[in-house]
Every structure is written in structure tokens, then in C-alpha cells.
**Student:** 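Below is the structure I would like to discuss, written out as C-alpha cells.
Throughout, numbering of the chain's residues begins at 1 and tracks the sequence. Whatever order the structure lists them in is the order used to number ligands and atoms, beginning at 1.
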Amino acid sequence: MPVMESIRSRDRARAEGEPPPALLAHLPATAKLERLLEVARGRKRALIITHDNPDPDSMAAAVALAYLLERKAGVEAQVGYGGIIGRAENIAFVKVLRLPVYPVSQLVFDEYDLLGLVDTQPCVGNHSLPPRYTADIVIDHHPLRDESLAAPFADVGGDFGATSTMLVEYLRAARLEPSVEVATALFYGIKADTRDLGRQTTPSDIDSYLWLFPRCDKGLLGLIEHPELPARYFRMYHRAYERAKVYGSAVVTDLGDVYSPDMVAEVAERLMFIEDMKWSLAYGSYRNQLYFSLRVKDRRMNAGRLIREVCEGEGGSSGGHGSMAGARLPLSGTRAQRAAHKRAMVKAFLERFGVEDETPKPLLEID
Ligand SMILES: [Mn+2]
């Protein structure tokens with residue numbers, strides 16, 4: 001069936017009111033795989049989209065899903081992403097594993113009759129699938145958003161520290177051996193998302209990690225984990241430390257303009273290592289968008305909920321889970337208006353952190 005015709009038959013099926021599928025997360029992997037292949041049946045070309053500024057987990061999961069669809073459903077599959085691949089590790093990840101991932105600007109959505117989203121969900125707002133297209137397949141380990149259940153196939157939530165873990169379960173259910181590149185990508189995806197199995201890790205993550213271990217290339221892994229870094233990376237850290245302010249047990253830094261949005265998250269993560277800190281917030285702008293990244297040490301706090309509450313009504317998107325979260329907001333107006341906007345946002349965060357003493361100490365003046 002030609003692509004356009006199969007798109008039409010898909011739309012017709014929807015118009016005729018196919019019931020939305022029940023939640024799949026509780027089903028065994030073999031049952032989920034069966035449903036997935038059913039949805040892919042008869043389709044010609046698939047496009048799998050990661051979240052914007054993709055991290056290793058999202059790229060690994062997308063590449064593995066494309067690999068699975070090509071081999072088990074006979075669908076030609078490609079991977080697309082919005083934003084940029086910024087961190088040196090992530091650039092090395094794509095390069096040394098020669099991952100077939102393309103910026104969405106190089107792709108034509110109408111050429112595909114099967115659309116997938118991984119490591120994100122339709123209404124989260126951090127991906128580049130235009131709103132006029134609907135995802136057929138959604139696979140994500142983040143908390144379920146109800147709107148995702150409208151997709152013909154939505155495997156969302158469940159007990160997984162990484163979306164890569166979910167894809168390992170599909171490969172195993174399909175008895176499909178990954179290539180060494182796909183195995184190494186998934187391994188690093190789990191490793192990065194769970195910080196070496198030390199954060200939000202479940203038994204499934206450990207099981208998948210051990211299954212992948214003998215299948216991945218440790219030499220390539222070394223090249224990814226210890227990449228060369230550009231001079232501007234050190235310049236950015238220099239500025240991050242210089243500008244970091246400590247409010248009791250919260251540290252906040254303004255990175256100004258960043259060369260890659262990923263750097264905001266990287267710095268927030270790094271500053272969390274300062275002794276006695278409970279909160280770490282970094283922010284910076286990239287192409288008229290203001291990026292926030294939040295880290296929380298207190299297990300009773302939920303970073304994802306907190307950032308959603310602070311950023312609600314600001315436009316843009318936000319997401320995250322227990323200990324880590326991020327947001328992207330549109331930034332407009334004059335220089336002064338932008339500065340005022342940033343100050344108001346930081347103030348709102350500080351209130352949530354319970355900061356009463358508003359006079360901070362520069363990080364570099366603390367012993
Ligand atoms: Mn993930």
C-alpha cells in the first residue's frame with residue numbers, strides 16, 4: 001500500500017472511532033510487542049522522534065525502536081530529533097556509534113505513515129512532532145499523561161529508570177539480537193539516565209544492563225564517556241562557578257547565554273555536589289528560550305512537580321521526576337524586561353525552596 005493511502009486508511013480508522021487502547025504498562029513484554037507489531041502492520045515508513053535536545057536514553061531508545069520495526073515489522077524506520085545535540089559525551093555517542101539520527105529540519109513528516117515518540121509524550125511539549133500530526137506509538141518511562149492514552153499504542157510509565165530499559169525488554173521479547181552499536185547505545189542510555197544504576201533504578205534496569213553488558217563494546221564506551229571538551233566548555237563552567245550564589249542550602253547560578261541547552265542541566269547536576277546543598281538551580285538562555293534545570297536532594301520533594309508549579313502559565317514546557325527536572329520558557333521583550341522576567345522566576349523558585357534570607361553568599365567566598 002503506498003504511503004498516502006495507508007495514511008488515509010489510518011485516519012479513516014480513527015474517524016470511525018476506534019476505542020483508545022487500555023494502559024499497556026502492566027502487560028508482559030511479549031503482549032506489548034504483539035500490540036506494537038499490530039499497530040505497525042501494513043505501514044511502510046516509520047519516523048521515531050526523540051525529545052528535543054536529545055539525551056543518550058532518548059536516542060538509544062529511538063534507534064532501538066527503529067531497529068526493531070525494521071526487522072520485525074518490515075517497516076523502513078528513521079530517527080529524528082529537534083534542537084541540538086550539545087554535550088560532548090552526546091556528540092561522541094552519536095559519532096562513535098554512528099547512530100542514524102537526523103535533525104527534523106532535514107525530514108519531511110508527510111513521507112511517513114507511522115509516527116513514534118520515545119522518552120517523551122504527545123502533550124509534554126518538549127518534542128518537535130508538529131501538532132497537526134498524531135503519534136501512533138508512544139514509549140516513555142516518565143509518568144503517564146492521560147492524553148497519551150489516545151495514541152493507538154502507548155506504553156508509558158511502568159517501573160523503569162530509562163526508556164532504553166523498555167526497549168531492551170521489547171528486543172528480548174522479539175528474540176532479536178541487537179547490533180553491537182544498538183547494544184552499546186542502550187547500555188549507555190541506561191547508565192546515563194540512572195547515573196550508573198545509582199538513581200531511580202529498578203530491577204528491570206539492572207536486568208537489562210546485565211543483559212547488554214556482554215553485548216556492548218567497552219572501547220567505544222570509553223570514547224563516549226571521556227570525550228575531548230571544547231574550550232568554551234571550561235569558559236562556561238568558569239562563569240557558572242563565578243556567578244553561583246548560595247542561599248543557605250540552595251545554590252543558584254545564571255549561565256547567561258549558553259552554547260547548548262544541555263549545559264544548563266549539566267551545571268545544575270554538578271553544583272548538587274557542593275556539600276550540604278539540598279537544591280541546585282541553573283538557568284541560561286539559548287535562542288530566545290530560557291532554560292531552567294533543577295536538582296533536589298531531599299527525597300520528600302518532587303522536582304518535577306515543583307518546576308511545573310513554578311512555570312505554570314509561563315508558556316513553554318516543563319517536566320521531570322523526583323530528583324531532577326527542567327523547563328524551557330519563551331523569552332521576549334527588551335533586555336530589561338528579560339532580566340526582570342528571570343529575576344521573578346528565580347524568586348518564585350527560592351520561595352519554593354523555603355529560602356527566607358534573601359541575601360546570598362557567592363559560592364567562591366564560602367570556605
Ligand atoms: Mn529517559
Side-chain angles (χ1 to χ4, degrees), residues 25 48-66 68 79-83 85-87 89-90 93-94 97 99 101 116-129 135 137-145 148 154-171 182-209 212 224-225 261-262 264-266 268-269 291 293-296 302-305 307-308 317-328:
I48 312 302
I49 309 271
T50 65
H51 58 70
D52 290 344
N53 309 313
D55 63 2
D57 182 41
S58 66
M59 289 189 276
V63 167
L65 178 57
L68 176 71
V79 175
Y81 66 90
I85 298 169
R87 290 189 68 188
E89 289 86 345
N90 300 358
F93 176 72
V94 171
L97 299 177
L99 298 180
V101 298
L117 278 179
V118 292
D119 209 34
T120 179
Q121 295 169 58
C123 63
V124 175
N126 67 341
H127 60 76
S128 292
L129 184 64
I137 297 168
V138 181
I139 301 180
D140 184 21
H141 71 120
H142 295 102
L144 173 73
R145 305 272 184 117
S148 300
D155 181 9
V156 179
D159 209 12
F160 303 102
T163 302
S164 295
T165 298
M166 302 172 79
L167 265 299
V168 170
E169 298 203 345
Y170 282 97
L171 293 177
V182 170
T184 308
L186 289 167
F187 184 81
Y188 186 65
I190 297 173
K191 204 171 186 293
D193 251 36
T194 64
R195 213 160 70 190
D196 297 306
L197 302 183
R199 171 177 69 191
Q200 282 154 5
T201 307
T202 70
S204 315
D205 298 315
I206 296 166
D207 189 43
S208 297
Y209 188 91
L212 291 165
I224 297 164
E225 293 193 298
D262 287 4
V264 179
E266 178 162 336
E269 184 94 32
Y291 287 81
S293 191
L294 173 67
R295 295 293 179 278
V296 178
N302 185 306
R305 196 178 317 131
I307 210 162
R308 271 198 297 281
S317 66
S318 57
H321 14 198
S323 60
M324 54 194 291
R328 170 178 68 178

**Student:** Which protein N, O or S atoms does the Mn ion (ligand 1) have within a distance shorter than 2.8 Å?
**Tutor:** D57 OD2, D119 OD1, H141 NE2, D193 OD2
**Student:** Under a 4.0 Å N-O cut-off, is there an ion pair linking K191 with E89?
**Tutor:** no
**Student:** Between S164 (side chain only) and G189 (backbone N and O only), is there a donor and an acceptor less than 3.5 Å apart?
**Tutor:** no
**Student:** After noting the C-alpha distance and the side-chain angles of D193 and Q200, does the key distance pass the side-chain contact (heavy atoms from CB on, under 4.5 Å) rule?
**Tutor:** CA-CA 9 Å; D193 251 36; Q200 282 154 5; over 6 Å; no
**Student:** Return the OG1 to CG distance between T50 and D52, rounded to the nearest 0.5 Å.
**Tutor:** 7.0 Å
**Student:** Does atom CZ (R308) have a neighbourhood of more than 12 heavy atoms from anything else shown, all under 6.0 Å?
**Tutor:** yes
**Student:** As a quick check of understanding, evaluate side-chain contact (heavy atoms from CB on, under 4.5 Å) for N53 and Y291, giving each step before the final call.
**Tutor:** CA-CA 12 Å; N53 309 313; Y291 287 81; 3.6 Å; yes
